[in-house]
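Before I ask anything, let me first share the structure, which is written out below as structure tokens.
When reading the values below, keep in mind they use all heavy atoms of this one structure, side chains included, and skip hydrogens, waters and symmetry mates.
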Amino acid sequence: MNLSKSPWSWVPSLYFAEGLPNVAVTALSVIMFKQMGLSNAEITFYTSWLYLPWTLKFIWSPFVDLMRTKRWWIITMQLLIGAAFGGVAFTIPSEIWLQGSLCFLWLMAFTSATHDIAADGYYMLALSPNEQALFVGIRSTFYRFATIFGQGVLVMVAGNLQTLFRYSIPFSWSLVFYGVAGLFIALWLWHGYVLPRPAEDAPTTTRTVNDIVSDLRNNIVTFFTKKQIVVAIVFMLFYRMPEGLLAKVAALFLVDATHNGGLGLSPQEYGMVQGTVGAIGLTIGGILGGICVSRDGLKRWLWPMVCAITLPDVVYVYMSYTLPNFIIINCCVFVEQFGYGFGFTAYMMYLIYFCRGQYKTSHYALCTGFMALSLLLPGTVAGALQELVGYRMFFIIVMATCAATFIVTSLLKIDPQFGIKEPQEEAGGEDTTDND
């Protein structure tokens, strides 16, 4: 088989490349900034705003179709992502490390969001429908591998480097980001060689910028005139409100010193707990959620999934009071992440359900913008709230906000048959990977 024609030669590496900058911007940066001495309020505020490019990517996604090929966009964005990793590495040891690293993380977020647009479009152009169905699980798996690598392995490496270089935190993180920059340069070279050039992958020549602007306006108007639009937007913004508050503070709680109310995990321990055990729980929960919905439909599993995405958050209340040992911490994080993976299936399936009909692709892009916004808004205030009330009371407040998830879910009207796989339906699926 010609290597350049085999999807196995590029699908896994392409989606690993898609996932790594996302986890670096949204999760790895949290631990780095904590070790560099920023307050929790500053960390959650700065890193939550980095979701903005994923929130607004629907605006410039049509222009990716208009200018150049999807292959060109993929390769160019990977080079820029590698440069952004290098820029973060270069600025960390400097006096302007905060301004410099945030600048390059913003560049990374924007180029990563653009890479997502191009990669997902290219996937549909370069593969036949049968191949798309075959590799949908592979792409999700390697996206998860990127999460484990970024949130687990890289944090462990940073911790080991800090031990090796006598706890020189800036130098250690600089080496980590230089290493990832080198990895992305290798991915850029590899994909420049191995990505096929499908005939369908060509810039749009029959449409003008005015046509795209007109279509974008039409897509937005038709989206906001859909039935139950108010309920849908409220659901998209508030279903994950507890997780939006919890996500970054939970990571900070795991590594914060015990005299501050945290668990005091080392980078190596954090990498194992959150980046490995937690990521595995998230993946298993997501897979099981997909199986359940395909068998019995979304409506049948909606409320169990609501309970799964909210109630396990109580493990953080438990840990904040007991400060348990390392084994118990792993079990608690696994349970919480498994529940989130299982419950998040309902969220993604509802987005698909709501976007049915004309303009479903464009409307789904708008939904993913609201999905990113649902993490951005609560995340910006989460750290300040935690500093105001402490970890214990903060986690109790998170549990109280779970009521919002139950309330907005009760407003939904869903066809009982939606999601059930028809007997004659061929093997396939919808990729529901969490990319914010």
Side-chain angles (χ1 to χ4, degrees), residues 19 23 26-27 136-137 139-141 143-148 151-152 235-247 250-251 273-319 329-354 367-368 371-372 374-375 378 395 398-399 401-410 412 414 416 418-421 429-436:
V23 74
T26 60
V136 68
R139 59 184 269 186
S140 299
T141 298
Y143 191 96
R144 293 300 180 199
F145 281 164
T147 301
I148 294 173
Q151 203 170 353
F235 176 82
M236 286 185 273
L237 290 178
F238 289 97
Y239 181 80
R240 293 203 296 170
M241 185 177 182
E243 188 65 22
L245 288 170
L246 181 67
V273 172
Q274 191 79 342
T276 305
V277 174
I280 292 171
L282 180 70
T283 302
I284 295 174
I287 292 172
L288 182 60
I291 293 172
C292 291
V293 170
S294 68
R295 187 187 65 183
D296 301 317
L298 173 60
K299 189 169 185 177
R300 164 66 178 79
W301 284 98
L302 182 61
W303 287 107
M305 287 179 173
V306 169
C307 293
I309 203 171
T310 54
L311 301 185
D313 292 348
V314 76
V315 300
Y316 284 97
V317 178
Y318 164 77
M319 289 192 290
I329 293 171
N330 275 278
C331 293
C332 288
V333 171
F334 180 88
V335 168
E336 188 269 331
Q337 287 293 291
F338 174 86
Y340 179 72
F342 187 74
F344 184 69
T345 305
Y347 187 85
M348 294 301 297
M349 290 302 297
Y350 179 76
L351 299 193
I352 296 170
Y353 176 77
F354 181 72
C367 286
T368 59
M371 179 170 64
S374 72
L375 296 181
F395 293 136
V398 169
M399 289 304 303
T401 63
C402 293
T405 304
F406 283 83
I407 291 170
V408 298
T409 302
S410 68
L412 301 183
I414 300 173
F418 176 73
I420 300 177
K421 184 177 180 180
E430 179 79 23
D431 181 22
T432 57
T433 301
D434 181 13
N435 293 356
D436 3 311

Calculate, to the nearest 0.5 Å, the distance between atoms OG and CE belonging to Ser294 and Met349 respectively.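 Ser294 atom OG to Met349 atom CE measures 8.5 Å (nearest 0.5 Å).
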
Which heavy-atom pair separates Ser374 from Tyr347 by the least distance, and what is that distance? OG-OH, 4.0 Å

Taking the side chain as C-beta and beyond, is there a heavy-atom pair between Val293 and Thr345 under 4.5 Å?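 The answer is yes, as the side chains (C-beta and beyond) meet within the 4.5 Å cut-off.
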
Would you say that Phe395 contacts Leu245 through its side chain, given a criterion of any heavy-atom pair below 4.5 Å between the two side chains? no

Out of Val314, Asp313, Ile407, Leu311, which one pairs with Cys402 under the side chain to side chain contact (heavy atoms under 4.5 Å, CB included) rule? Asp313

Which pair of heavy atoms, one from Tyr350 and one from Leu298, lies closest together, and at what distance? N-CD2, 4.0 Å

Contact between Ser140 and Phe145 at the side-chain level, heavy atoms closer than 4.5 Å - yes or no? no

Where Ala308 and Gly343 come nearest, the two heavy atoms and their spacing: CB-N, 4.3 Å

Ignoring hydrogens and angles, tell me if any N or O in the side chain of Thr276 forms a donor-acceptor pair with the backbone of Val273 under 3.5 Å. no

Output for pair (Met241 CE, Leu375 CG), nearest 0.5 Å, gives 12.0 Å

Heavy-atom closest contact (Cys367 atom, Phe354 atom, distance):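 The pair with the smallest heavy-atom distance is SG-CD2, 4.1 Å.
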
Is any side-chain heavy atom of Arg240 closer than 4.5 Å to a side-chain heavy atom of Met371?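 With C-beta onward as the side chain, the pair touches.
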
Name all residues meeting the side-chain contact (heavy atoms from CB on, under 4.5 Å) criterion together with Thr405; count only those two or more places apart in sequence or in a different chain, and write none if there are none.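 Partners of Thr405 under the side-chain contact (heavy atoms from CB on, under 4.5 Å) test: Tyr239, Pro242, Val306, Ile309, Thr310, Thr409.
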
Is there side-chain contact between Phe344 and Met305, with heavy atoms separated by less than 4.5 Å? no

Show the nearest heavy-atom pair for residues Arg144 and Leu282, with the distance to one decimal.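 Closest approach of Arg144 to Leu282: NH1-CD2, 3.4 Å.
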
Can you name the closest pair of heavy atoms from Ala346 and Leu302 and give their distance?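 What the structure gives for the nearest pair is CB-CD1, 4.0 Å.
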
With side chains defined as the heavy atoms from C-beta onward, is the minimum distance between Tyr316 and Val398 less than 4.5 Å?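 No, their side chains stay 4.5 Å or more apart.
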
Any heavy-atom pair between the side chains of Tyr318 and Cys332 that's under 4.5 Å?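 Result yes, sub-4.5 Å side-chain heavy-atom pair found.
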
side-chain contact (heavy atoms from CB on, under 4.5 Å) assessment of Glu336 paired with Leu246: CA-CA 11 Å; Glu336 188 269 331; Leu246 181 67; 3.8 Å; yes

Sub-4.5 Å side-chain heavy-atom contact between Tyr340 and Glu243: yes

